[in-house]
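A short write-up of the structure that comes next.
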Amino acid sequence: MARVAIRYPRNGNTFISFLAFPRCNAEFSHSASVITPRDYSSSPSNTSISIKGKLRVSNRFENVKCFDDAVSVFRQMVREQPLPSPVSFSKLLKIMVNMKHYSDVVSLFGEMQKLGIPTNEFILSIVINSYCLMHRADLGFSVLAIFFKTGIPFNVVTFNTLIGGLFAENKVKDAVHLFKKLTRENICEPNEVMYATVMNGLSKRGHTGKIFSLLRLMEQGSTKPDTCIYNIVIDALCKDRMLDDAINLLNEMKQKGVPPDIITYSSLIDGLCKFGQWEYVRTMFDEMVNLNIYPTVYTFSIVINGLCKEGKAEDAEEIMRHMIRKGVEPTVVTYNAIVDGYRLRGQMDRARRIFDSMIDKSIEPNIISYNTLINGYCKKKKLDEAMQLFLEISRKGFKPDIFTYNIILQGLLGVGRSDTAQKFFADMLSAGQRPDFCTHSILLVGYFKNGLVEEAMSLFHKLEREGEDNDIELYNIVIDGLCKNGKLDKAYAIFEKLSLIGLHPNVIVYTTMINGFCLEGLLDEAKDMLRKMEDDGCLPDNVTYNVIMQGFLRSNRIGETRAFLKEMTGKTFPFDTTTTELLIDVIAKDPSLLDMIPEFHPEKKK
DNA sequence: TTAGGGTTAG
């Protein structure tokens, strides 16, 4: 499974031709009159049950619209004689899970046990799932005792629910261990769903190689991979930028008779959008529609997001109008992508229009909508507008999340309002919001940028004490901040300490240190550091060379500049804007340097 | 009647 760079044909006008959807339009508009979005999910309606008794039971739950309804039905059920079947109780508890009343499910189950109401494996699985959804897989495991006590046999669902719960708590090793134990000791035969749970848990944590091996293992075993399994692997490959492998897998599943579905194509389309491969996006749409698989709001939102990220928000809007014409209604996610599209281009007035038009269409904005707008205002340094929106979040009954706080902290520090930022951070802590890694990075970068070295170092030492400093990125921020505040000695001392605490400097940290030396005009030390990193097996990249090149250019050491130019062009590292500007100044004084720069000679260009 | 897959913000 090699990471091969894909080379697809490029077409300068691809997104416009994509808009035309020539084949898709014909097929889709034809089908739209027959298959409405509602028909995409073809589950049979419960009301068609003709047996009288079953109809009565079904109606009882149809009237349950809220939590209070559910509880009153429960009270009524426990009083009935004879008692309703465990099937009825399991249906009611499942309705409460769907309402996200997990702890209430557990309480009602406790009442059932006290009353001696018989239970079954379905009810027990629902209870385990409720614990898992509360991020208490440990309590989920404790339910296993009830299986032993009552003699109800475990099934694959019981264990799969627990495996999913472990992944949800990021207990990856425990989840994999349980899966292996079940398989090895023949406690239960894993089915497609269990493989999917394990593979999805692994893929979300970047273990694409492992899930690829699991796929191959499944192909050899008795539980053959289904569409869902292939979808997990294809999505992971796309997210890992291995589009060639993902497309090969699509062809492989088709060859093996496993039919791809809308999720398969949506994952691939997302990958292709993120690579800007618009011609291939269209090919996928055509292929999909030829197989009678029609785009959903997910698929369209993926394309809309891809266009917005490429700065083509108007085209994204055109796609949104197109999907509405085809009977697919946009959601808050669709609108958020477009709001962000205009935000990226700095068109905040347009972004605000889009935002308001969503509200006009009775689509409720979510916290991401607010965060996107707030981020836009912060980037434009319009902190008052950002704070207005922040206040609106609570007024509208939402709760700011860690993204909201981080965006505003970065905004405040970015315009030098350090005092307000510190007060805002204190408010965030009082509101019960725990800072995350990003918060700490934002604060450190911001403090150093505003010359608040003491505040930065005090936060850094606090993180050290609390053991939350185990990240090389954090150290890079501190080393960089110290260098840029004229504290090279302190920065170097921390750099030297790194390997003692088990953190190894990477190319970014070495480059930061080299930059620190260059800023002080200590070019020999910078050069020594470059050689040291090479000796340590950490290869310098184009940023490293640009940094050191700028150091030499700024101090007019032309002889060494010449040597580094040779080294840099030999490695085909490109010059960044700053290096180019400095080079132009130096070449104006010494045109002989021009010969060493192939890029500057049009006739020598490749 | 219980468990699995695709989109948005720092």
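Residue numbering restarts at 1 for every chain, and letters A, B, ... go by the order of the sequence lines.
Out of B:dT7, B:dG4, B:dA3, the shortest distance to the side chain of A:Tyr298 is found at B:dT7. Here B:dG4 is the nucleotide among B:dA3, B:dG4, B:dT1 with the atom lying nearest to any side-chain atom of A:Ile229. Here B:dT2 is the nucleotide among B:dT2, B:dA3, B:dA9 with the atom lying nearest to any side-chain atom of A:Ile126. Checking B:dT1, B:dG6, B:dA9 against every side-chain atom of A:Lys309, the shortest atom distance belongs to B:dA9. Nearest nucleotide to the side chain of A:Ser301, out of B:dT7, B:dG6, B:dG4: B:dT7. The side chain of A:Ala196 has B:dG4 as its nearest neighbour among B:dT7, B:dG4, B:dA9. Of all nucleotides listed (B:dG6, B:dG4, B:dT7), B:dG4 comes nearest to the side chain of A:Glu192. Ranking B:dA9, B:dG6, B:dT1 by closeness to the A:Asn120 side chain, first place goes to B:dT1. For A:Val87, counting side-chain heavy atoms from C-beta on, the closest listed nucleotide (B:dA9, B:dG4, B:dT1) is B:dT1. Taking only side-chain atoms of A:Ser125, from C-beta outward, the nucleotide of B:dG6, B:dT7, B:dT2 with the closest atom is B:dT2.
The side chain of A:Lys379 places no N or O atom within less than 4.0 Å of a non-bridging phosphate oxygen (OP1 or OP2) of B:dA9. The side chain of A:Asn336 places no N or O atom within less than 4.0 Å of a non-bridging phosphate oxygen (OP1 or OP2) of B:dA9. Taking side-chain N and O atoms only, A:Lys239 has a distance below 4.0 Å to OP1 or OP2 of B:dT7. Neither OP1 nor OP2 of B:dG6 sits under 4.0 Å from any side-chain N or O of A:Lys274.
Salt bridge present: A:Lys254 and A:Glu287 bring a charged side-chain N and a carboxylate O closer than 4.0 Å. At a threshold of 4.0 Å, the pair A:Lys256-A:Glu219 counts as salt-bridged, since one of the basic side-chain nitrogens sits closer than that to a carboxylate oxygen.
Counting non-hydrogen atoms under 4.0 angstrom, A:Ile262 reaches a base of the nucleic acid. A:Ser441 comes within contact range of no nucleotide atom at all, as no heavy-atom separation falls under 4.0 Å. Residue A:Thr158 is out of contact with every strand shown, counting any heavy-atom pair closer than 4.0 Å.
In the model, A:Asn375 has no side-chain atom that pairs as donor or acceptor with a side-chain atom of A:Tyr377 under 3.5 Å. Under the 3.5 Å distance criterion, with hydrogens and angles disregarded, no donor-acceptor pair is assigned to the side chains of A:Ser107 and A:Asp104.
With A:Cys238 as the partner, the side chain to side chain contact (heavy atoms under 4.5 Å, CB included) test is satisfied by one option alone out of A:Asp270, A:Leu268, A:Asp245: A:Leu268.
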Give the intermediate values and the outcome of side chain to side chain contact (heavy atoms under 4.5 Å, CB included) for residues A:Asn366 and A:Asn336. CA-CA 9 Å; A:Asn366 61 15; A:Asn336 284 350; 3.1 Å; yes
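Taking the side chain to side chain contact (heavy atoms under 4.5 Å, CB included) definition, one finds that A:Arg353 meets it with A:Asp349, A:Arg350, sequence neighbours left out.
Taking atom CE of residue A:Met358 and atom P of nucleotide B:dT8, one finds them 16 Å apart after rounding to whole Å. We find that CD1 of A:Ile402 is positioned 20 Å from P of B:dT8, with the value rounded to whole Å. If you measure from atom CZ of A:Phe159 to atom P of B:dG4, you get 17 Å, rounded to the nearest angstrom. Straight-line distance from the CD1 atom of A:Ile234 to the P atom of B:dG6: 13 Å, rounded to whole Å. Straight-line distance from the CD1 atom of A:Ile302 to the C1' atom of B:dT7: 5 Å, rounded to whole Å. Distance CZ (A:Phe179) to C1' (B:dG4): 13 Å, rounded to an integer number of Å. Summarising the geometry, the separation between CG on A:Asn366 and C1' on B:dT7 is reported as 12 Å, rounded to the nearest angstrom. In this structure, A:Leu133 places its CG atom 11 Å from C1' of B:dA3, rounding to the nearest Å.
Counting distance only, with no hydrogens placed and no angle test, the side-chain atoms of A:Ser266 and the base atoms of B:dG6 include a donor-acceptor pair under 3.5 Å. At a cut-off of 3.5 angstrom, counting only N and O atoms as typed in the model, there is a donor on one side and an acceptor on the other between the side-chain of A:Asp226 and the base of B:dG4. The base of B:dA3 has none of its N or O atoms less than 3.5 Å from a complementary donor or acceptor on the side chain of A:Asn155. Checked by distance alone, A:Thr296 brings a side-chain donor or acceptor within 3.5 Å of a matching partner on the base of B:dG6.
For residues 122-149 of chain A, the set of pairs meeting the salt bridge (charged side-chain N to carboxylate O under 4.0 Å, His left out) definition, not counting sequence neighbours, comprises A:Arg136-A:Asp138.
Heavy atoms from other residues, nucleotides or ligands lying under 6.0 Å from CZ of A:Arg321 number more than 12.
Listed by residue number, there are no residues of residues 139-152 of chain A with a heavy-atom contact under 4.0 Å to DNA chain B.
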